[in-house]
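Below is one structure, written out as structure tokens; the observations come after it.
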Amino acid sequence: MFKKILIANRGEIALRIICACKELGVRTVAVYSEADRNSLHVRFADEAICIGPARSSESYLNIPAVISAAEIANVDAIHPGYGLLSENANFAEVCEASHIKFIGPPAEITRLMGEKEKARQAMKQANVPILPGSDGIIASEDEAIEWAKKVGYPVILKAKAGGGGRGMRVVRSEAELPALYQAASSEAAAAFGNGELYMEKFIERPRHIEFQILADSYGHVISLGERECSIQRRHQKLLEESPSTQVTPEMRKEIGDKLVSCLTDIGYVNAGTIEFLMDEDRSLYFIEMNTRIQVEHCVTEMVTGIDLVKSQILIAAGAKLSEILPEKIEGPRGHAIECRINAEHPEKFTPSAGKITTFNIPGGIGVRVDTNQYAEGVVPPYYDSMIAKLITHGRDREEAISRMSRALDMFIVEGIYTTIPLHRRIMQDPDFRAGNFDTKFMERFLAHKTSTQAKG
Ligand code: MV4
């Protein structure tokens, strides 16, 4: 087992990783920027090293600074968390070259999954359903027109190196294809340094459903079921839950089995998330894979009872799944929901940095809060706006929702704006309560709010 781990991250996930290390009896090293000097991850780690100025590019994303800290502190391993360096294959390689274990999959697998079209082909080989589309890069407008004819409009152009919705364009007719092809390609070139595109049939109102897997270094892979992540705005998830109301035990097993077979073939190791779109007839189609722990991992933890971060560390240290997981993993136990509490105006979504004056964290049965914030704490303007995750668990979805409603009422944050009032309203929404929503839910929800306000 590792003696000491460096956490190459900040915020709630840095603290979450420290929790796992403490439970495992592993010493921790925090790294922090000048803006995060008073953060709880610095306070709760055994050691802390300042790695640079506030801006991420000069601190948390500065590979030489992170590696130097790891060498000075003499750690065995680095946990990258999510975002930042977590899906940077070069960073994983530098870690291994420095004889520091990177807690995540091998660099070549991160690189493979970063190439969205290659990931698609890998899934296709294992019979994981993918959307009809181009098998490979579409090198020209003419080629795109040819493919669109075969598949039928609407289609979507996506960046080979893509992510976060950048370099994506929906094309509804042949006439508009050339301009959109050029726009997607130049946007992708600017964002990812690679303008290559591929194409898929476009699904109008998809749900976003993802599967959590764990894999050890001995060829064992397990699926831990799905998360429903459709409640999002501009590609930022706001609320996630597990299980999805739309996935039956049969679907869960069918997709889970196919993913296990695919990821076993690939030689996947550690935690991973496979994203799907669900269309109106409830068919699931692979879109991409994330090779890191995700923000919303907690809802899976609540319904499986498995500590995913601890599992990541144990797997990286050479444990077998059979040694760290219960003998039999049943389906999901009850229902869990997570609300992302962001330091943002709840309607305008503008960032709201500054000093927190009151911070009352709810508790009680079925309530979990993952946060790095506290009263008198400061939300710096430089980073992601998420300051807490409020997670509730209940015997069923209704109980999880009622617990979420009352926990949101008891979560008092003063001094900055947060998304708490927004989540309170979502909990009251009849469509949300009925499980009747897709990735366009927030657009409709926010439009309705504005119109009723205008009337009022
Ligand atoms: C799609 C799609 C519809 N059809 N692909 C957006 C981000 C990227 N990860 C994939 N995305 C989408 N791909 C096809 N063939 C719709 C989206 C999409 C979306 C997906 C998941 C969650 C939110 C979304 C919001 C807008 C568009």
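This chain uses plain numbering: 1 for the first residue, then up along the sequence. Whatever order the structure lists ligands and atoms in, that order sets their numbers, starting from 1. Keep in mind that the numbers below use all heavy atoms, side chains included, and drop hydrogens, waters and symmetry copies.
At a threshold of 4.0 Å, the pair Arg397-Glu241 counts as salt-bridged, since one of the basic side-chain nitrogens sits closer than that to a carboxylate oxygen.
At a heavy-atom cutoff of 4.0 Å, ligand 1 is contacted by the backbone of Lys201 but not by its side chain.
On a distance-only criterion, Glu288 and ligand 1 share at least one N/O pair closer than 3.5 Å.
Ligand 1 is never approached by Lys237 to a heavy-atom distance shorter than 4.0 Å.
Close contacts of ligand 1 with Thr439, meaning ligand atoms under 4.0 Å from a residue heavy atom, involve 22 (C), 23 (C). Counting atoms of ligand 1 from 1 in the listed order, those under 4.0 Å from a heavy atom of His208 are 21 (C), 22 (C).
Nearest non-hydrogen protein atom to atom 17 (C) of ligand 1 is Met168 CE, 4.4 Å. If you check which protein heavy atom lies closest to atom 4 (N) of ligand 1, you get Ile203 N, 3.0 Å.
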Q | Worked verdict on Asp438 versus Arg444 for salt bridge (Lys or Arg N to Asp or Glu O under 4.0 Å) | A | CA-CA 10 Å; Asp438 55 50; Arg444 293 193 294 272; 3.6 Å; yes
(Q) Could you go through Asn62 and Ile51, starting from their C-alpha distance and side-chain angles, then the distance that decides it, and tell me whether this counts as side-chain contact (heavy atoms from CB on, under 4.5 Å)? (A) CA-CA 8 Å; Asn62 181 344; Ile51 52 166; 6.0 Å; no
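Aromatic pair Phe359/Phe411: centroids less than 6.0 angstrom apart. Taking the six-membered ring for Trp and the full ring otherwise, the centers of Tyr285 and Phe276 sit at least 6.0 Å from each other.
The residue from Asn372, Ile7, Asp36 that alone fulfils the side chain to side chain contact (heavy atoms under 4.5 Å, CB included) condition with His41 is Asp36. Of the candidates Glu12, His423, Glu296, Arg340 forms a side chain to side chain donor-acceptor pair (under 3.5 Å) with just one, namely Glu296.
Nearest residue to atom 26 (C) of ligand 1 from Lys158, His235, Arg166, Gln236 is His235 (criterion: closest heavy atom). Of the candidates Ile209, Val170, Leu277, Leu277 brings a heavy atom nearest to atom 14 (C) of ligand 1.
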